[in-house]
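Here is the structure we will look at.
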Number of protein chains: 2
Amino acid sequence: MTRILVVEDDPNLGQILSEYLQLKGFVTTLCTDGEKGFEKFKTEKYDFCILDVMMPKKDGFTLAKEIREIDKTIPVIFLTAKSMKEDTIEGLKIGADDYLTKPFSMEELILRVQAILRRSGAKSDQSNTINRFELGGLTFHYDRSLLERPSGDVKLTSRENELLKMLCDHMNQTMERNAALNAIWKDDSYFNARSMDVYIAKLRKYLKEEEQVHILTVHGQGFKLVKVE
Amino acid sequence: MTRILVVEDDPNLGQILSEYLQLKGFVTTLCTDGEKGFEKFKTEKYDFCILDVMMPKKDGFTLAKEIREIDKTIPVIFLTAKSMKEDTIEGLKIGADDYLTKPFSMEELILRVQAILRRSGAKSDQSNTINRFELGGLTFHYDRSLLERPSGDVKLTSRENELLKMLCDHMNQTMERNAALNAIWKDDSYFNARSMDVYIAKLRKYLKEEEQVHILTVHGQGFKLVKVE
DNA sequence: AACGGTTTTTAACCAGTTTTAACACCCCTA
DNA sequence: TAGGGGTGTTAAAACTGGTTAAAAACCGTT
């Protein structure tokens with residue numbers, strides 16, 4: 001799971017950006033100015049920042065500088081309206097990982113984010129991710145692809161494992177179909193969608209014995225892993 | 001020391017490039033087509049790639065794709081005659097770190113190389129590979145091709161040794177099939193893939209007595225050496 | 001060059017995983 | 001309440017990997 005902090009003062013663009021990233025399987029937080037962005041960054045854990053350069057109250061460069069004081073290695077992409085030389089230089093000094101000049105295509109943004117994540121290696125995906133989930137009387141170990149149950153453990157296949165992980169990451173929230181498909185199947189085609197339905201059925205079978213936990217469908221949207229305390 | 005692989009089909013440009021980089025303190029290898037470039041990459045260790053996009057036999061994108069299967073994090077700069085949009089997208093998909101459109105100044109190239117190296121951190125010094133891995137109650141000595149076990153040590157053959165090393169280097173992450181095949185077998189053909197499966201089975205047999213450690217398969221992707229603490 | 005032991009590849013068959021397909025059912029809306 | 005799209009379920013098909021053993025390649029020694 002990759003959590004992205006999006007700070008963009010244009011609410012429309014910010015919304016579109018945020019939703020598109022979620023569709024592609026990322027978890028995002030949107031802030032509309034630099035100060036709010038910094039508050040968010042201090043209270044929650046993020047793996048990636050996408051920052052507008054020109055913003056009221058606190059500009060993107062200043063924000064990046066402050067963020068980098070807390071986390072020196074977090075990847076940062078700047079969004080900038082102009083492609084001026086001094087902007088580029090300034091950004092590089094702070095340690096920007098990439099630049100996008102408005103207007104840009106969503107596809108290009110996604111590709112750049114993925115390129116940077118690939119380069120920065122698995123260290124972020126690794127240490128940040130939760131590996132153990134308590135599901136009532138069951139325990140799910142993502143790293144071991146194992147679901148521990150009183151009635152006997154289940155070795156999960158990789159698809160089962162990824163899907164259950166994603167449901168757990170969205171515990172008590174709706175996990176959108178397209179987000180899961182893009183994150184796990186890398187493509188939200190019709191057949192992959194049906195494939196996912198098959199896996200949901202399998203997971204339901206595994207979880208059946210634990211009454212406190214079940215996967216419910218949100219018609220037309222996705223699935224929700226519900227845990228009753 | 002930073003070793004740069006330069007693949008450029010124009011011998012004049014390639015020569016100038018190569019010499020200029022050497023002047024700046026880099027160690028370079030020049031290849032004049034994609035196939036030769038890939039051969040070089042497989043047999044020697046590099047820290048950086050500068051690839052021409054349009055080349056005979058094997059273009060820069062294809063080459064980069066193959067290189068990235070072996071080393072996912074190695075920085076790549078493309079040299080391209082045109083600055084077309086689809087080229088950019090295609091390059092980003094593969095994970096380009098930067099672009100230079102011909103003609104470019106040598107100075108600009110150097111600056112971009114340095115910027116990327118600064119960004120990707122001081123991990124260029126990989127000449128010191130780890131030789132000893134603790135696998136629960138077992139100890140794997142790569143340099144001695146030896147797996148120490150309570151029940152008796154195992155002398156590993158070179159394929160066993162390389163494969164176990166690669167799994168250990170990717171501890172708790174997925175080691176991709178193609179990456180291993182290209183790195184160890186130097187070729188990801190069908191039969192080599194099957195050969196690898198045979199070796200995975202052998203390693204599993206050696207590791208069987210240690211419950212904390214096992215190789216699990218990530219269907220369609222590769223294998224993951226998991227260590228439970 | 002021929003031998004014997006070791007390592008690696010090839011082959012065949014089997015087992016497990018994932019996708020596709022088909023059909024039934026449900027939910028929403030016109 | 002009829003219709004269409006979304007979902008549940010099951011089973012077969014397609015694909016990928018596990019296992020074993022024999023064949024081939026390799027290597028040092030004679």
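Letters A, B, ... mirror the listed sequences (proteins, then strands); counts begin at 1.
In this structure, A:Lys40 contributes its side chain and A:Val7 its backbone to no donor-acceptor pair below 3.5 Å. Of the possible donor and acceptor atoms, none in the side chain of A:Asn131 sits under 3.5 Å from a partner among the backbone N and O of A:His141.
The existence of a salt bridge linking A:Glu44 and A:Arg3 is excluded, since no basic side-chain nitrogen approaches an acidic carboxylate oxygen closer than 4.0 Å.
The shortest distance between the side-chain N/O atoms of A:Trp185 and the OP1/OP2 oxygens of C:dT18 is not below 4.0 Å.
Crowding of B:Arg204 atom CZ: a count of heavy atoms from other residues, nucleotides or ligands under 6.0 Å exceeding 12.
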*For each nucleotide in nucleotides 22-30 of chain C, reading 5' to 3', give B when a protein heavy atom comes within less than 4.0 Å of its base, S when such contact involves only the sugar-phosphate, and - otherwise.*
B----S---
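Comparing A:Leu156 and B:Lys155 against DNA chain C, the residue whose closest nucleotide sits nearer the 5' end is B:Lys155. Between B:Phe191 and A:Glu160, it is B:Phe191 whose nearest contact on DNA chain C lies nearer the 5' terminus.
Among residues two or more places apart in sequence or in another chain, the side-chain contact (heavy atoms from CB on, under 4.5 Å) test is passed with A:Thr32 by A:Lys36.
As judged by a 4.0 angstrom heavy-atom cut-off over every strand, B:Thr157 is placed among residues touching the sugar-phosphate backbone only. Within 4.0 Å of B:Lys202, counting heavy atoms only, lies at least one base atom of the nucleic acid.
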Under 3.5 Å between N/O atoms: give me all the protein pairs with nucleotides 20-27 of chain D, atom names plus distance.
none

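A straight line from CG of A:Asn192 to P of D:dC15 spans 15 Å, rounded to a whole angstrom. B:Ile215 has its CD1 atom 13 Å from the C1' atom of D:dG17, to the nearest Å.
Between B:Glu209 and B:Ser151, the side chains place a donor N or O and an acceptor N or O closer than 3.5 Å (distance only, hydrogens not considered).
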